[in-house]
Student: 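Have a look at this one.
All residue numbers refer to positions in the sequence shown, counting from 1. First listed ligand is number 1; within each ligand, the first listed atom is number 1.
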Amino acid sequence: MELLPIPAFDDNYIWLLRDPTGRALVVDPGDATPVLEALGDSPPPHAILVTHHHGDHIGGVEALLRRWPGTPVHAPQDARIPVASQRVAEGDSLAIGPWRFHVLAVPGHTRSHVAYHGEGLLFCGDTLFSLGCGRMFEGTPAQMHASLMRLAALPGDLRICCAHEYTLANAAFALAVEPDNPALLACSANARALRADGRPSLPTRMADERACNPFLRCAEPAVRAAAQARAGRPLVGDAEVFGVLREWKNAFRPPA
Ligand code: ZN
Ligand code: FE
């Protein structure tokens, strides 16, 4: 199988997985144009997966269905995703072409956000980014933190297919939180080299995220200490540390 991030808009990736016959799985097609270009006259896709309702993840579904009518569209139960043909929920197992994926409910960025895990891959939409995480539009810090901890418990060699290229900006923030983390220094140097070369910094690996991503490291003494210094008060649980980090990141402007 071939895994391909298709750049869309300013910083989105639409992920394509292709089997040896060229049939694809398309994840979060916010825009149809780059997908139609990438697939050319390939046979029809096996399916489309949707992680959440935002326009930059579903905006291209209708045009893909016009090109390939009847393609199954898997999406969580949410009235804001009217283009779905099959609804998915926590614990579901999907057989798609030669592949199998499991559905995890990961509320926080939005309340109905899901992730798809299988084939050594994780399609996690806007929940987990390399060295960062999505904004909490519809969830509490406790919810979002719990969702991220579920993802962090998945195998270390998992390749994480995030929906945005945010790694360098995330690295600047992560380094403000943990300036002395050697794994983080190495990951951020690696991402800078990839981007300087015009290549995606993704997919990232779960083991690297566990070692480097401050939002997965709220239980680490250094991360907790940085969050407490930022908040100016003692923080009780990991979710509270997470909430302070998330607000800190919202206000963070990388040093010029
Ligand atoms: Zn989103
Ligand atoms: Fe997005």
Student: For the Zn ion (ligand 1), give me the closest N/O/S atom belonging to His54, just the atom name.
Tutor: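 That would be atom ND1.
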Student: Using the Fe ion (ligand 2) as the vertex, how large is the angle between NE2 of His164 and OD2 of Asp56, rounded to 10 degrees?
Tutor: 90°
Student: Can you tell me which N/O/S atom of His109 has the shortest distance to the Zn ion (ligand 1)?
Tutor: NE2
Student: For the Zn ion (ligand 1), what is the closest N, O or S atom on Asp126?
Tutor: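 Considering only N, O and S atoms, Asp126 comes nearest to the Zn ion (ligand 1) through OD2.
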Student: For the Fe ion (ligand 2), which N, O or S atom of Asp126 is at the shortest distance?
Tutor: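 The nearest such atom is OD2.
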Student: Could you confirm whether His52 has any N/O/S atom lying under 2.8 Å from the Fe ion (ligand 2)?
Tutor: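 No, outside the cut-off.
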Student: Kindly say whether the aromatic ring centers of Phe137 and His54 come within a distance under 6.0 Å.
Tutor: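 Aromatic pair counts; centres sit under 6.0 Å.
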Student: Determine whether Asp19 and Trp99 satisfy the following criterion, side chain to side chain contact (heavy atoms under 4.5 Å, CB included), listing intermediate values before the conclusion.
Tutor: CA-CA 9 Å; Asp19 73 14; Trp99 308 301; 3.7 Å; yes
Student: When you measure from the side chain of Arg111 to the backbone N and O of Asp78, does any donor-acceptor pair fall under 3.5 Å?
Tutor: no
Student: Please state whether the separation between the Zn ion (ligand 1) and some N/O/S atom of His113 is under 2.8 Å?
Tutor: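 It does not: His113 brings no N, O or S atom closer than 2.8 Å to the Zn ion (ligand 1).
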Student: Judged by atom type as modelled, is there a donor-acceptor pair below 3.5 Å linking the side chain of Asn213 to the main-chain atoms of Gly132?
Tutor: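 Here the side-chain-to-backbone pair exists.
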Student: Taking 2.8 Å as the cut-off, does an N/O/S atom of His57 lie below it from the Zn ion (ligand 1)?
Tutor: no
Student: Do Gln77 and Ser112 get their side chains close enough for a donor-acceptor pair, meaning under 3.5 Å?
Tutor: no
Student: Please tell me whether His113 and Thr127 have a donor and an acceptor in their side chains that are separated by less than 3.5 angstrom.
Tutor: yes
